[in-house]
Structure formats: structure tokens, C-alpha cells
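Note on naming: letters A, B, ... go to the chains in the order of the sequence lines (proteins, then strands), and numbering restarts at 1 for each one.
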Amino acid sequence: MATDLLANLNPQQQRAVTTVMGPVLVLAGPGSGKTRVLTHRIAYLISEAGIDPLQILAVTFTNKAAREMRERLVLLLGETIATDLTVGTFHAICARWLRRDIIHLGRERDFVIYDSDDQERLLKRVLRELNLNEKQHPPRAILGAISQAKNELVGPEEFARQTRSYFDEIVARCYARYQSLLRESNALDFDDLLGETVRLFREHPAVLAHYQQRYRFLLVDEYQDTNHVQYLLVRALAERDRNLFVVGDEAQSIYAWRGADIRNILQFERDYPDATVIMLEQNYRSTQAILDAAQALINASPQRKYAKRLWTTNGKGDQVVLYEALNDEDEAQFVVGEILRLIAEGAARPGDCAIMYRTNAQSRLVEEALVQAHLPYQVVGGVRFYERKEVKDVLAYLRLAANPYDSVSLQRVINWPGRGIGDRTVNELIVWARQLGVPLYQALSELAGETADHPFAARPRSALLEFYALIAEFNRLRAVMALGDLIDYILARVEAHAALKREYDAEEADDRWRNVQELRNAALSYANLPVEHQLAAFLEDVALVADVDSLDRNNDVVTCITLHQAKGLEFPYVFLLGIEEGLLPHSRSQTDRDALEEERRLLYVGMTRAQRRLYLCHAAQRALFGRVTSSARSRFLADIPPTLFKLVRRRGYRAVPAPQTPMFSNRAFNQTPPAPRRDSGRSAPLPAPPKAAFFPGQRVYHATFGEGIVVSSRLIEGDEEVTVRFSDRERRLLASFARLESLTDG
DNA sequence: CGGGCTGACATTTTT
DNA sequence: TGTCAGCCCG
């Protein structure tokens, strides 16, 4: 057996597989057989080291990775043993544990899980409640800040204590209300799944001890993409036995913008001084020509701790092609023409080719060219199945059946299909529920009682009561009806099909109804569970392990995909598009050194997807938001020696010079705010002002921004938001926070 | 209350 | 260029 498991593994891989005890850090270059190492190690632990599969926990970053790992393990170990292993994403594993133990945190185990769309809806409600404008306070930015706080395990109270800006102050208020609404809704967002688990472990050592005892061998894939909470989680679990095996590659870290903390991998040796560190440098995927170019790119990065020297026995191979296109259309034409040629020569099939780009918007021209050429293709990404509006609407009814306190779902379908409950009535309901201090569903229940003390006119009231009866009915039926029957019943009861036909033209209504039917079909696989568990199991899978739209590699079609999504994949022929300033690096990343380096790694990830031949393309002109703009080739191309390229260009190509002032400079993001200028001595800061202390035209002083003139002022949530024109620009400030001083007499 | 129109606005994405 | 939110009118 041992020979089987270790056969065809190189010495480093063997060492990674057979180092059973203690912390192990594997730095795995692209194409170095990382997944192989993970699966063979698990097999080795069980069949050679005699470890009980129940004691092994393997964490992956995506469901797809988890599924693939499990499939390979079934092949290696057989179905029976593989079933005993715990393989999953951080989120799925935490959700499972919380279902069991969240009661210790004083919460219910039948919580729902809010996805980002749910989060956004909830936050918009918060903004409205706090009388904040969505335009001025973008929900996604606020959610980003909340998510960041949660990743650092900073709760609403602590956050409020640490605010340093107007924006922070706004976030603090939103965060507090957002969190209490989550709780009221018996809901957890994705970040809470991780954060609450860490909290559970911290506050209940006995619970932690239980999981430490249960899982004595931990494996974590894509360790460079873990965030701080995930780091804490892993550290807590591994604390007792220290059998922690992590695999990652700093050079492929491309999710820092989402909270991934590259320090987790860089500091592994500090956290575990006795760690075995193994580098996997032999590449089994690409030609040496491709590796040389990729290496040159990544070696030019100033931020490298574990510099790897990738090598391969695959041979030199074709030179990397650098195509300089006249414009984006020419670029798409070239790529498609090249694919056609490769196919005609018998060198490739459509499925061997992948077209990769930085932004989804770039896929359009490529798709048009592929259609014209009659080449079959698939675009990875776009709106996923369970995120489609019609699917989420039906799901909202199911979630309400499981948990009527889910206020996001309630608000979502309170007027879908239309039943005469307009925005006005919904807002009244929200305000009233808040006055009562109860969830929306309970407010409806109060309304159904004898209370005369409510703000609703007769017609909206009866519409609300009807809706309440509907949800109460679904809630009763949940426990006695099989899932499929329940869905059918709900669809019929709310006349969903008719609603879709009313709202969309025939073709689109058909499409959407088909999606609803597909959801209905998905319920079939839960039919073998006990009736009372079917709904909960279904909702859990939908929230966490839904992956219906995933890439299908069995189709022989060209794959169009973003660079981010391409991680972990490989194709014989890879075309990278738009290697230009503004696109790669993206314009949003050009002001920040770390973001810029992440863009470099993104390109590195793309390049290392190629097995046989790599094409890098950039265009001199590109349509951007409907406007033709010229673009300069990416600065990253200058880091690859020109001798490694085979240059191809269309006649008439003229290079666009790089921008005169580099868009990135060390100084650009290091500006200090203007020093306060004062002409007279100033009095002690004023305490938080009473209502409307500021008025337009008033001269004020701020400690950081100096003197300014009040443009406008309005009251929000017991505070005053003052817009002040300072010397550089207008700023919105909160009176209680900003400590504005009045310089106007009187 | 609901349907249709106009104007601002633009990464990357998993769970 | 395309989407989404807000506004106006029936």
C-alpha cells in the first residue's frame, strides 16, 4: 500500500505525505501536485499511520475543491472510509458545529444564513431606519467595513469605541443596528459563522476541548487565502495536538481585498517554530518557456519570502506569444482566429482553450467573436442559480416556513406576488415593529390580535393580515409536508407562475419559471430524509454548498473566465486579455502598493494556468464604458525579458506611451491632511451639541481640516450631520463626533 | 399602489 | 455600454 501511495511522488511530495506528526507548512508552486499531496497524505494517515478517519478534518476554500477532494479520496480509500472524513469549507464546517452548539451562546440552532444579497437588504433597512441616504452612504462600503470588523473579531461596541472618522462613526451605528436585526431575525451572516464559532471556542473551553479531541489531524488548503478569523479558528483547534498541515503559495494570494491575510502563511514558522517546511518546486503542468516568463514576473515583486524556483521536465515548448492589438475588437478577433487555427491544425479542441480576463465586462466582445466563429463556449460566472431573483423569491417563502422571524425574507415577499402592500405600508410596519421592539413577523401577529393601537388603514391592514395568515400556514405545513409537496403547495398558493407571466414577457417568464422548477427538482434529493428535516437540510445546502452553475469541464467548449476564478484550473492553451494599465493592474489598484502587487500575482496565476502555450494580449485602444480610450501596455510586461516573447502585432499598431506621471507613486497615498490654520486662540471643544446647533453660512473650526463654512445641516438619529466646505473640499461630519467649533459670533 | 421612464454609475468573488 | 435606483404620473 505504501508503495502505491508514494509511487509517482517526488521526494518533497513524499516528505509532505509522510510527515505525520507536528506542524507542516507546504509551499506549493502552481502545478506542483498540491491536491495530490493532500489526498495522498490523508490516505497515508489512515492506511499507514493507522489514524481513524473520523479524526481527520480537511478544510478547503470552495465547495468545488471540497467535492473534488472527496471524490479523489473515494477512489483512494473507498466509499466507506471516505464517508468518515470531514471535508468541507470553513463556513460549512462552522455552520455544522454551530447547529450543534450555538445554544451555549444563547442563540437558537435553527438560524438562517444570510448571503450577501440578504446582507445588503438588511443594511438598506438599517440605513433607512437611521435616516441615512444610500447615495452618500453606500451599503456595500459599509458592509465591507462591518465584514472587516468581524474578520478581526471586533464587535459593534468595540467598533464604536474605536471610530476615527465620519465614515467609521456611520459604520458603528449601522453595525450595531445591523447586528441586532440579525439576531432578531434569528440569522447569521457568512462572517458570523466563523466569528461565532471562535467566540464559542473562547467562551466555552469545554466545547473547544470536544472538537480538539475529535479532530486530531487538521489539513488546510489555500492557506494564503485565509483571513484572521480563520487563522484563529485553526490555531484554536490545532492547539492541543499541533498536527496541523497547511498548503499554500504566497505568490498566488489574490484575495487580500476580501480579507485574506498573507501574514498567516508568512508567519507560520513563527507560530510553529518546530514546523516542517516543504517547498514543492517541480511543476508538472507547464512548459519551461511558460514557467520562465511567469517566474520573471513574480521575481520582480519586492514582496517575497519563500521564493521558489519552478522547474519542469516538460521541455522548453513554444515561446510565450505577446500580441499587440489595435483595439479590443482586434484582440478578440485574434484570439478567436488563433483558436480556430489551432483546431484546424488538429493541435487543440475547443475544450483545450481558455480565455481569461480581469473584469467580467471584457467577456462581451469575446463572446461576440466566438459566436461569429461558431465556436462553442461557456462563460464562467455571472449570476449564480441560487442568486436569481425568482429563485430567491421562492426560497424566501421556504425560509419563512422554517423561520418566520427572518425579516429579510419577509420583506422580500411581503408584496411578491403583488398583494397591495406598497412601500408606504411596509415602512409603517417596520417603524411600528421597531416601536414595539419586535421582529416584523411578531408585529404582524400583534396586528392580528385585538390591538387598536396601530398605524394602518383598513385596506393595508387586511392585506397584511392575509400575508400573516399565509406565512403562518406555511410554517404549520413545514413539519408535516415533504419538501417537494411543500414547494408545490407554496407555488400554487401564491400563484407564482401567473405572477411571473404578469411581470415578464413570455420568453423571460418561461425562463424564470424553468428556474423555479429546477429549484423544485433540487428538492427531490431530500426525499429520503425524515419529513421534518428535509426543509432545514435543503436550506443549509442552498446557503452553503450550492454549486449548480459550476464550471463543466466535460463539455468540449472554449472557457471564458475571470482571472480570479481561474485559480486552480489548467488548460493547454491560455489567452490572457487586456494586459494593460488600468485593467491589469486595475485602475482601482494603482494607488496602493499592496493592491498593485496583488494584481501582479493575479497575472502570475493566469500565466501559470497554461500547459502548452500561453498568449498575452493587450490593445492600444479599448472601449471603456462606451467610450474609446487608449491604453498603455501593462507595467508588468516590462518585468518579463522581451527575449521570452514571440511578438505578434497587426499592421498599423502604434504603441501607446506609458502615462507621463506614473499613476502609482509612493507619495500619492501618503498625504498628510492640511495642518490646521488658526488666527486666534480657540476655546475648549464644545460638548456634543443639542439639536440643530449648526446653520448654513456658519464659520466653524475642525481640529484636522481647519476652518470651514457650513453648507447644510440635518438631524439624523438624535445627532446632527453637518456638511462643511473646507479649503480642500466639502466634508460631511457628525456634530457629536467631529467636535466642530463655531467661529461665528452669537 | 404600480408601471414606465430617465439619470448616475461603473473590479475582482466565496461562503 | 448596460444596470439599477429613484422619480413621476395614471
Do A:Arg358 and B:dT12 share a donor-acceptor pair, side chain to base, under 3.5 Å? yes

Taking the six-membered ring of A:Phe111, is NZ or CZ of A:Arg99 closer than 6.0 Å to its centre and within 45° of its axis? yes

So, is A:Gln362 close to the B:dT12 phosphate, meaning a side-chain N or O under 4.0 Å from OP1 or OP2? no

Remember a base hit wins even if backbone is also touched, and classify A:Arg627 as base, sugar-phosphate or nothing at under 4.0 Å, heavy atoms. nothing

Syn if the chi torsion is within 90° of 0, anti otherwise; quick check, which is B:dT12? anti

Examine B:dT12: is either OP1 or OP2 under 4.0 Å from a nitrogen or oxygen in the side chain of A:Ser589? Give yes or no. no

What's A:Arg140 touching, base or sugar-phosphate or nothing? Going by heavy atoms closer than 4.0 Å. base

Does A:Tyr255 lie flat on the base of B:dT13, that is, centres under 5.5 Å apart and planes under 30° off? no

When we call it a touch if two heavy atoms are under 4.0 Å apart, what does A:Asp115 touch: a base, just sugar-phosphate, or nothing? nothing

Phosphate contact (B:dT13 OP1 or OP2) by A:Asn360 side-chain N/O below 4.0 Å: yes

Classify the angle between the aromatic ring planes of A:Tyr386 and A:Phe538 as parallel (below 30°), tilted (30 to 60°) or perpendicular (above 60°). perpendicular

Kindly say if A:Asn63 contacts the phosphate of B:dT15, meaning a side-chain N or O under 4.0 Å from OP1 or OP2. yes

Here's one to test your reading of the geometry: is the NZ or CZ of A:Arg258 within 45 degrees of the ring axis of A:Tyr255 and under 6.0 Å from its centre? yes

Is there a side-chain polar atom (N or O) of A:Lys124 under 4.0 Å from OP1 or OP2 of C:dA5? yes

Please determine if a side-chain N or O atom of A:Ser116 lies less than 4.0 Å away from the OP1 or OP2 oxygen of B:dT15. no

For A:Tyr215 and A:Thr86, does a side-chain donor sit closer than 3.5 Å to a side-chain acceptor? yes

